[in-house]
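Inspection log for the structure reproduced underneath, given as structure tokens.
The figures that follow rest on heavy atoms only: side chains count, while hydrogens, waters and symmetry mates do not.
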Protein chains: 2
Amino acid sequence: MVRPEETGGGSAPARGREATRARILESARELFTNEGYGAVSSRMIAAHAGVNVALINRYFGAKRGLLSEILREDGVFPGLIEGDPDTLTRRLAEHAVGRLYGEGTALQRALDHSSGDPDLQAVYEGRLKSAMLDPLSAYLGGDDAPVHASLVAAVLLGLTRVRLIEGATALRAYDRARLTGRVQALLDLCLADLEADDG
Amino acid sequence: MVRPEETGGGSAPARGREATRARILESARELFTNEGYGAVSSRMIAAHAGVNVALINRYFGAKRGLLSEILREDGVFPGLIEGDPDTLTRRLAEHAVGRLYGEGTALQRALDHSSGDPDLQAVYEGRLKSAMLDPLSAYLGGDDAPVHASLVAAVLLGLTRVRLIEGATALRAYDRARLTGRVQALLDLCLADLEADDG
DNA sequence: GGTATATGTAAACGCTGTTGACCTGTCAAA
DNA sequence: TTTGACAGGTCAACAGCGTTTACATATACC
């Protein structure tokens, strides 16, 4: 099976499943990165890729499928969980605070900015558990690990949410190092075993 | 100026600016409560109110205006901030945990469930600061009050977010009283002055 | 060569929020 | 009483969305 996409060196866009799929995916990634998710329509992606609109649904099921595929390839969450357990909360705190300052990949920033979209929420919903809660829970271990992981996720997601909603001006006006310290303290408390008061 | 809306006792829906406005608003509130925001279209609201679609935009500017008006009337956040300062975090924690268990008004629950919608986010964006961050900040007092308020907001919003995204099954499987205690501890830490390590 | 099968295209579907042109009933002034 | 103004309401359309269906075409195999 010789695919034609490697035979033609002409100016016409390559045909063939893989080439077309890749072209759509690349266009979507670029547009999502520059414009956000909700601001980019299926037709815009198709036009940018030089491809018919229907092919998006043919190859990715729906616009949402494009997003899902991109996040699958790039990974929703960077590999913060692996590493020295003693500095886990430090790493998470630094990452979360960094996000407040607009750090992270361009795609991450773009998606943070349009994270209100129901599609995005649905895709995250499918990935957060498998990409964050479960690994974190397994990493922590113990009976209360799922609770600890959920609380950590709550703090991290909440910081993103505050940034989304009010720009986190108050937090960014604070000293960054101290803010990081405070967040880390919160995360440590999320992970603490509080059996003392219950016995 | 005798308005006709109080003269007719017949079966025809009352006309007149105020009556129509109220009917649209009431229909929107009911539908939003039962179906969520995104699932309800302008035409559905108009049909339910027995009114032409165009009147929604005439009286409320846009669909978003309806939501904004409803939230303005009902108040986005209940009066949790007022009261004994010593039990503030307790009240907030109980409220937040209660939300995890599906408590709160029907409208609150419905809007929580469709909080991904960009319209909803925009309206919240306009209200969160004035209805939560600013009062809380003023209530707390002190130089770091804005930071404390933002952190509190982050924890509260994060819990909502976790519930949205994974149903908060892990948190609800935990003992409710202990969960409330943990959340309160987090909130207390948000409000704590951590000047010790800095001098 | 003939034919099945992938690949791409064009046009529509049903829906959305929103708007502009048009009626219509009521009220005030002439 | 006639006229005009105007608020209130209706209708049909607009432009856009994501998605789908029917069709054309190019490729690969027998």
Roughly how many Å is it from CD1 in I45(A) to P in dC17(D), rounded to a whole number?
11 Å

Separation of atom CZ in R64(B) from atom P in dT16(C), rounded to whole Å
18 Å

Write down the distance between OH (Y59(A)) and P (dT19(D)), rounded to a whole number of angstrom.
17 Å

Name the residue from R21(B), K63(B), R29(B) that meets the salt bridge (charged side-chain N to carboxylate O under 4.0 Å, His left out) definition with E69(B).
R21(B)

Where the side chain of R58(B) is defined as all heavy atoms beyond and including C-beta, which of dT16(C), dG9(D), dG20(C) is the nearest nucleotide?
dG9(D)

With sugar-phosphate meaning primed atoms plus P, OP1 and OP2, does F60(B) contact a base, only sugar-phosphate, or nothing at under 4.0 Å between heavy atoms?
nothing

Does NZ or CZ of R176(A) fall inside the cone over Y101(A)'s six-membered ring, less than 6.0 Å from its centre and within 45° of the axis?
yes

In whole angstrom, give the distance that lies between atom NZ of K63(B) and atom P of dC17(D).
17 Å

Counting only side-chain N and O atoms of S41(A), is one of them less than 4.0 Å from OP1 or OP2 of dG16(D)?
no

Would you say that more than 12 heavy atoms from the other residues, nucleotides or ligands in this model lie under 6.0 Å from the CG of D143(A), or not?
no

So how far is it from F60(A) CZ to L55(A) CG, rounded to the nearest 0.5 Å?
10.0 Å

Does dT18(C) have OP1 or OP2 under 4.0 Å away from a side-chain N or O of N57(B)?
yes

Just call it for A62(B): base, sugar-phosphate, or nothing, with non-hydrogen atoms closer than 4.0 Å on any strand.
sugar-phosphate

Of A39(A) and V53(B), the one whose nearest nucleotide on DNA chain D sits closer to the 5' end is V53(B)

Whole angstrom is fine here: how far is it from CZ in R43(B) over to C1' in dC15(C)?
8 Å

Rounded distance (Å) that lies between atom C1' of dG9(D) and atom CZ of R17(B)
13 Å

From L128(B) CG over to Q121(B) CD, what is the distance, rounded to the nearest 0.5 angstrom?
11.0 Å

Please give, in whole Å, the distance from dG20(C) P to L55(B) CG?
15 Å

Nearest whole angstrom, please: distance from the P of dG20(C) to the CG of N52(B).
15 Å

